[in-house]
Amino acid sequence: DPMADWGRSDYYNKSQFKISWTVLLPWDIKFSGYHRFYSGRPYSAYSGDDDNGDYYYNDYAVVDGELATRNMFRQPSFDQTDIRFSKTFEFMDRHSIEVLVECFNVLNSANRYTTNTDYSRSYFGTLNNSTYNTRQFQIGVKYRF
């Protein structure tokens, strides 16, 4: 039944917000950043059993007396901000060195999500994974010639 798989894409985001900026500070230091927010992506509830006898254990679960539809549940939202400070030093003819300091995940957001999609289990939908990239710093030097 092809219509049983009709539903939202795995990558459907109900809302997204992205912004990037660059500001020139005193002493020609560039401050830039990137912020992104996505509403939670959808996921499906499975029964964990071979309900229709086709030897595959990936049948949609029955939720509140009705067969669940594809991707009817949502993951939590994703929220992350990254920033960069950079300064360029020019020397000789058309040579420069750029020094950068970057911070990823400034607000230290955990951005948790679930892979617990077996509706028959007590832990269905519990957040068990994370894109948790803790706040990280990076220092770099770029030589242009």
Side-chain angles (χ1 to χ4, degrees), residues 1-52 54 56-90 94-145:
D1 181 12
M3 292 309 290
D5 282 331
W6 185 261
R8 293 186 176 106
S9 162
D10 291 343
Y11 300 102
Y12 172 74
N13 285 334
K14 189 173 182 180
S15 54
Q16 302 185 46
F17 175 76
K18 299 177 186 179
I19 187 170
S20 62
W21 67 89
T22 301
V23 177
L24 188 59
L25 299 175
W27 302 291
D28 289 330
I29 296 173
K30 288 183 188 172
F31 170 55
S32 57
Y34 180 59
H35 176 79
R36 58 197 174 277
F37 168 84
Y38 306 116
S39 60
R41 289 189 169 159
Y43 69 96
S44 300
Y46 297 100
S47 70
D49 294 318
D50 181 16
D51 297 329
N52 61 4
D54 64 357
Y56 292 100
Y57 291 85
N58 62 348
D59 297 335
Y60 290 127
V62 174
V63 177
D64 297 331
E66 293 192 29
L67 188 63
T69 58
R70 174 182 162 81
N71 288 333
M72 73 182 284
F73 294 94
R74 286 203 163 278
Q75 302 281 1
S77 59
F78 176 91
D79 192 19
Q80 185 169 321
T81 303
D82 305 327
I83 62 170
R84 169 192 277 189
F85 291 93
S86 65
K87 168 86 173 146
T88 301
F89 302 93
E90 296 185 13
R94 293 184 282 175
H95 289 255
S96 66
I97 291 179
E98 183 179 10
V99 178
L100 354 134
V101 176
E102 298 174 313
C103 180
F104 304 102
N105 197 8
V106 174
L107 303 174
N108 215 19
S109 303
N111 293 316
R112 297 180 58 80
Y113 64 96
T114 186
T115 58
N116 295 321
T117 59
D118 187 343
Y119 193 74
S120 65
R121 306 288 183 173
S122 61
Y123 53 77
F124 170 76
T126 56
L127 304 177
N128 63 328
N129 276 319
S130 174
T131 58
Y132 196 59
N133 296 327
T134 58
R135 184 180 304 120
Q136 298 176 13
F137 292 91
Q138 175 174 293
I139 298 172
V141 177
K142 189 184 294 185
Y143 176 64
R144 292 188 185 98
F145 56 93

- prompt: So, Asn71 side chain and Arg8 main chain: donor-acceptor pair closer than 3.5 Å or not?
  reply: yes
statement: d(Asn111 CG, Leu127 CG) to nearest 0.5 Å is 11.0 Å
message: Check this for me: Glu90, atom CD, are more than 12 non-hydrogen atoms of other residues, nucleotides or ligands nearer than 6.0 Å?
response: no
field: Heavy-atom pair of closest approach, residues Ala45 and Ala68
entry: O-CB, 4.3 Å
Could you list the donor-acceptor pairs under 3.5 angstrom formed by side chains in residues 74-89, with sequence neighbours left out?
residue : atom : partner : partner atom : Å
Arg74   : NH1  : Gly40   : O            : 2.2
Gln75   : OE1  : Thr114  : N            : 2.8
Gln75   : NE2  : Thr114  : O            : 3.0
Asp79   : OD1  : His35   : NE2          : 3.0
Gln80   : NE2  : Asp82   : OD1          : 3.1
Thr81   : OG1  : His35   : ND1          : 2.5
Asp82   : OD1  : Asn105  : N            : 2.9
Asp82   : OD2  : Arg36   : NH1          : 3.4
Arg84   : NE   : Glu102  : OE2          : 2.7
Arg84   : NH2  : Glu102  : OE2          : 2.5
Ser86   : OG   : Glu98   : OE2          : 3.3
Lys87   : NZ   : Trp27   : O            : 2.7

message: A quick test of your reading: do over 12 heavy atoms of other residues, nucleotides or ligands sit less than 6.0 Å from CD of Glu66?
response: no
query: If every non-hydrogen atom of Val106 is compared with every non-hydrogen atom of Arg135, which pair is closest and at what distance?
result: O-NE, 2.8 Å
- request: Please state whether the rings of Tyr143 and His95 are parallel, tilted or perpendicular, taking 30° and 60° as the class boundaries.
  value: tilted
field: Nearest atoms (heavy-atom pairs only) where Asp118 meets Ser120
entry: OD1-OG, 2.7 Å
task: For Ser39 and Asn13, work out which heavy atoms get closest and say how close.
output: O-OD1, 3.3 Å
- prompt: Heavy-atom count around Arg94 CZ within 6.0 Å, excluding the residue itself: above 12?
  reply: no
task: With the side chain counted from C-beta on, respond yes when Arg41 and Tyr11 share a heavy-atom pair under 4.5 Å apart, and no when they do not.
output: yes
statement: When rounded to the nearest 0.5 Å, the distance separating OG of Ser15 from OH of Tyr38 is 11.5 Å
Residue pair Asp59 / Ser47, side-chain donor-acceptor N/O under 3.5 Å: no
- prompt: Atom OG1 in Thr22, atom CZ in Phe31: separation rounded to 0.5 Å?
  reply: 9.5 Å
task: Tell me, yes or no, whether the heavy-atom count around Leu24 atom CG, taken from other residues, nucleotides or ligands under 6.0 Å, exceeds 12.
output: yes
task: Could you tell me the separation between the OG1 atom of Thr115 and the OH atom of Tyr43, rounded to the nearest 0.5 Å?
output: 10.0 Å
message: ring pair (Phe, Tyr, Trp, His ring centres under 6.0 Å), that's the test. Do Tyr46 and Tyr119 meet it? Break it down for me.
response: CA-CA 6 Å; Tyr46 297 100; Tyr119 193 74; over 10 Å; no
message: Atom CH2 of residue position Trp21 - does it have more than 12 heavy atoms of other residues, nucleotides or ligands inside 6.0 Å?
response: yes
Closest heavy-atom pair and its distance - Ala110, Ser130: O-OG, 2.6 Å
